[in-house]
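Nothing here was measured: the structure is a model prediction, and the numbers come from that model. The figures here come from the full heavy-atom set of this structure, side chains too, leaving out hydrogens, waters and symmetry mates. Throughout, residue positions are numbered sequentially from 1 according to the sequence presented.
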Amino acid sequence: MKQWTVGLVLVTLLLSLCVEQTNAFIKLVAVAKKLDFRSLTRTFNVSYKLNNPKSHINQSIDGNITVTRNIKDLRLIFLYHTVSRNGTVQNALIKRPIDVCFFLRNPKSDRLVKLVYDYVMERSDLPVRCPFGPGSYYIRNIRVTDVPVPTFLPPSEFVLELIYYSEVRAEKMIEFRVHGKLVRLIDGIFSK
C-alpha cells in the first residue's frame with residue numbers, strides 16, 4: 001500500500017512539472033442572438049431593444065413596460081433549454097415555477113433566480129412588491145455578458161424562456177425568449 005502511495009505522489013509530481021501553469025481569468029458568458037416577445041393580454045405593453053447585436057462584448061437590452069391594471073398575483077416559469085448541434089431544442093435543463101409575489105417578499109427563496117434578479121434590479125425601476133398598480137417601468141443597459149451565469153451550465157447554444165401568467169385566471173400574459181450561446185471568455189477574449 002505504501003509503494004502505491006509513493007508511486008501516485010511521483011506521478012502527480014511529474015505531471016505537475018510537465019503541465020504549464022496559466023494565470024488566465026476564465027468566465028462563462030452569454031451572447032444573445034435573438035429576442036422574441038409576445039404579449040398575450042392587454043395588461044402589459046412591452047417594448048424592447050437589443051443594442052449592438054453584432055458585438056459580443058457590448059450587447060445590451062433596454063425595455064419599457066407599461067402596466068394597465070392592478071397586478072395582485074403573478075407567476076413565472078423560468079425555462080433554460082440547450083440547443084443541440086443540429087438546431088433542435090432539448091428538454092429544459094432548468095425549469096423553475098416561481099410565485100413572483102412570494103419571491104419579491106422572500107428574494108432568498110431561490111438562489112438561481114436571485115442572481116439574475118439582483119443584477120436586473122440595479123438597472124431598472126421594476127416593482128419591488130405586490131400588488132403593483134398601473135404605471136410605466138423601465139429596464140436599461142442590461143449587458144448580456146455581465147448577467148451572472150451559473151457555473152454548472154455547459155458552454156452551448158441555449159433558449160431562455162420567461163413565461164408570465166396570472167395565477168388566478170391561469171392565463172398566459174407574456175412570453176419572452178432569448179436565443180443565444182454560452183461561451184468562455186478567457187482574459188477578455190472569446191473562445192470558440
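Residues Asn141 and Asp62 have side chains that never bring a donor and an acceptor to within less than 3.5 angstrom of each other. Side chains of Asp36 and His179: a donor on one and an acceptor on the other come within 3.5 Å.
Heavy-atom minimum distance, Leu115 versus Pro148: O-CG, 3.7 Å. Across Ala30 and Val149, no two heavy atoms sit closer than the pair N-CG2, 4.2 Å.
By the 4.5 Å heavy-atom criterion applied to side chains, Phe44 and Val67 are counted as neighbours. Between Ser47 and Asn64, some side-chain heavy-atom pair lies under the 4.5 Å cut-off. Inter-residue side-chain proximity for Ile98 and Val113 is flagged as met; some heavy-atom pair is nearer than 4.5 Å. Side-chain atoms of Ile139 and Arg123, non-hydrogen and from C-beta on, never get closer than 4.5 Å to each other. Side-chain contact check for Val120 versus Ile142: some heavy-atom pair is nearer than 4.5 Å. In this structure, Ile94 and Leu112 have side chains that are in contact, with non-hydrogen atoms separated by less than 4.5 Å. Using a 4.5 Å cut-off on side-chain heavy atoms (C-beta onward), Thr43 and Ile71 make contact. At least one side-chain heavy atom of Arg184 sits under 4.5 Å from a side-chain heavy atom of Leu28.
The hydrophobic clustering, which links ILVMFWY residues whose side-chain heavy atoms are closer than 4.5 Å, places Tyr165 and Val46 apart. Under a hydrophobic clustering in which Ile, Leu, Val, Met, Phe, Trp and Tyr are joined whenever their side-chain heavy atoms come within less than 4.5 Å, directly or via other members, Ile163 and Val159 fall into different clusters. In this structure, Tyr117 is a member of the same hydrophobic cluster as Tyr48, with clusters built from ILVMFWY side-chain heavy atoms closer than 4.5 Å. Neither Val178 nor Leu79 shares a network with the other; the hydrophobic side chains, linked directly or stepwise wherever heavy atoms of I, L, V, M, F, W or Y lie under 4.5 Å apart, form separate groups for each. Note on Phe37 and Tyr138: separate hydrophobic clusters, where clusters join Ile, Leu, Val, Met, Phe, Trp and Tyr whose side-chain heavy atoms are under 4.5 Å apart, directly or indirectly.
The local environment of NZ in Lys72 is sparse, with at most 12 non-hydrogen atoms from other residues, nucleotides or ligands closer than 6.0 Å.
For the pair Asn106 (side chain) and Lys108 (backbone), a donor-acceptor distance under 3.5 Å is absent. Here the side chain of Glu161 pairs no donor or acceptor atom with the backbone of Phe176 at under 3.5 angstrom. The backbone N or O of Pro53 lies less than 3.5 Å from a partner atom in the side chain of Gln59, making a donor-acceptor pair. Between the side chain of Asn45 and the backbone N or O of Thr66 there is no donor-acceptor pair closer than 3.5 Å.
Rounded to the nearest 0.5 angstrom, Ile65 CD1 and Ser124 OG are separated by 8.0 Å. Here Phe102 contributes atom CZ and Asp110 contributes atom CG; the two are 10.0 Å apart, rounded to the nearest 0.5 Å. Taken from CG in Leu35 to CD1 in Ile61, the straight-line distance is 5.0 Å, to the nearest 0.5 Å. Distance NE2/His81 to OG/Ser156: 12.5 Å, rounded to 0.5 Å. For the atom pair Glu171 CD and Ser166 OG, the distance stands at 5.5 Å (nearest 0.5 Å). To the nearest 0.5 Å, atom CG of residue Leu93 and atom OH of residue Tyr80 are 7.0 Å apart.
Applying the disulfide bond (SG atoms under 2.5 Å apart) rule to pairs touching residues 53-132 yields Cys101-Cys130, sequence neighbours excluded. Within the structure, every pair that satisfies the salt bridge (charged side-chain N to carboxylate O under 4.0 Å, His left out) test and touches residues 126-143, not counting sequence neighbours, is listed here: Arg143-Asp146.
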Given Leu40 and Lys172, is the side-chain contact (heavy atoms from CB on, under 4.5 Å) satisfied, shown in steps?
CA-CA 6 Å; Leu40 305 168; Lys172 281 187 186 179; 3.5 Å; yes
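Salt bridge present: Glu157 and Lys33 bring a charged side-chain N and a carboxylate O closer than 4.0 Å.
A cation-pi arrangement is absent between Arg105 and Phe103 under the rule of less than 6.0 angstrom and at most 45 degrees off the ring axis.
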